[in-house]
Amino acid sequence: VGPYVLITPNETRRNQLQQIAQKELNDLERWKDEHRPGPIKLVPQRLGGKESEAQARQKQQMMLMQSKYQQKHKREEYVKAKKAAEEAEILKKKAIQREKAQRLEVKKRQQEMQRRELFLEDQYYKTNELLNRLDLGLPKSDSCRIANRGPESTVWSRSHTYKQALQEDENRRLEEMKQEQRRKAELMEFKQKQEEEARTRAHQNEQKRVNNAFLDRLQNKTQPNSIYQPGYSG
């Protein structure tokens, strides 16, 4: 331990501080005595109101019954709202599954139409290839075909007529398939529009029902004693 310096306390300063503190304590006690509240003086009056004890207990019983009824009504409304929400969710899921099934059906039909188109196209190419092989031995000049109207000219005419008929039949089938696909697309669009309108109407009806239930509860709260009239049996 190093050296230190001992300072002697100032007794005069200490006495002054003690006197000031004691004076403040005395002033505080004197102020409390001066501002101490006096005795309370009330005018005697009769308590309990104008109703008798039996009437007060009857009123209390009615309020208790009303509170129980309101709680029961709230529970029923909650159960109904929950059930409606579950039904709406189920309907929504069913609609989604229905749309998926319809899209899958449309996709299958489109794939089937594409396979048919590829088959007809391949058949058309093979038929043309066969007819071209038959045309290899025929004369290429129109004058020769006109001058020599023999069996070869007849074969060429038949092959040319057959190719034209095949081409017309192919064009007709393609046009019919396009029209069928267009009709299916229009029908699908019409069904989707109807389903969207049905969902919108269902949502509006549900919102209207919830609003009416809320208004009924609000009316019951504003008129609490309307259901407890004489002669009512709940």
I'd like to check the side-chain contact (heavy atoms from CB on, under 4.5 Å) partners of Ala213; sequence neighbours left out, ordered by chain and number.
Glu77, Arg217

Go through it in stages, so that I can follow the logic: the residues are Gln60 and Leu64, the test is side chain to side chain contact (heavy atoms under 4.5 Å, CB included), and I'd like the CA-CA distance, side-chain angles, deciding distance and then a yes or no.
CA-CA 6 Å; Gln60 184 180 9; Leu64 180 62; 5.8 Å; no

Can you tell me how far the NZ atom of Lys80 sits from the CD atom of Glu87, to the nearest 0.5 Å?
12.5 Å

Listed partners of Glu176 passing side chain to side chain donor-acceptor pair (under 3.5 Å), at least two apart:
Arg172

Counting only heavy atoms not in Arg183, do more than 12 fall under 6.0 Å of its CZ?
yes

Summary of salt bridge (Lys or Arg N to Asp or Glu O under 4.0 Å) pairs that have at least one residue in residues 113-124, sequence neighbours excluded
Glu112-Arg115, Asp122-Lys126

One should read off an interatomic distance between Gln207 CD and Asn212 CG, to the nearest 0.5 angstrom, of 11.0 Å

Partner residues of Lys208 under the side chain to side chain donor-acceptor pair (under 3.5 Å) criterion, sequence neighbours left out:
none

Residues forming a side chain to side chain donor-acceptor pair (under 3.5 Å) with Arg36, sequence neighbours excluded:
Asp33

Got a sec, which pairs hit ring pair (Phe, Tyr, Trp, His ring centres under 6.0 Å) with one end in residues 12-43, sequence neighbours left out?
Trp31-His35

Can you measure from NZ (Lys100) to NZ (Lys107) and round to the nearest 0.5 angstrom?
13.0 Å

With a 4.5 Å heavy-atom cut-off, do Thr200 and Gln204 have their side chains touching?
yes

Any ion pair linking Glu175 and Lys178 (charged N to carboxylate O, less than 4.0 Å)?
no

For Leu120, enumerate each residue passing the side-chain contact (heavy atoms from CB on, under 4.5 Å) test, keeping only those at least two apart in sequence or located in another chain.
Gln123, Glu170, Arg173

Euclidean distance, Arg103 CZ relative to Arg98 CZ, rounded to 0.5 Å:
12.5 Å

Could you list the residues that satisfy side-chain contact (heavy atoms from CB on, under 4.5 Å) with Ala185, not counting sequence neighbours?
none

Rounded to the nearest 0.5 Å, what separates atom CD1 in Ile20 from atom CG in Asn15?
11.0 Å

To the closest 0.5 Å, what do you measure between CG (Leu25) and CZ (Arg30)?
11.5 Å

Please list all pairs passing the side-chain hydrogen bond (donor to acceptor under 3.5 Å, both in side chains) test where one or both residues lie in residues 184-196, with sequence neighbours left out.
Glu196-Arg199

Results of side-chain contact (heavy atoms from CB on, under 4.5 Å) for Lys82 - residues two or more places apart only:
Tyr78, Glu86

Are there more than 12 heavy atoms of other residues, nucleotides or ligands under 6.0 Å from atom NE2 of His203?
no

So salt bridge (Lys or Arg N to Asp or Glu O under 4.0 Å) across residues 56-71, not counting sequence neighbours, yields Glu53-Arg57

Is the count of non-hydrogen atoms from other residues, nucleotides or ligands lying under 6.0 Å from Glu99 atom CD greater than 12?
yes

Taken in chain and number order and not counting sequence neighbours, the residues that satisfy side chain to side chain donor-acceptor pair (under 3.5 Å) with Lys23 are Asp27

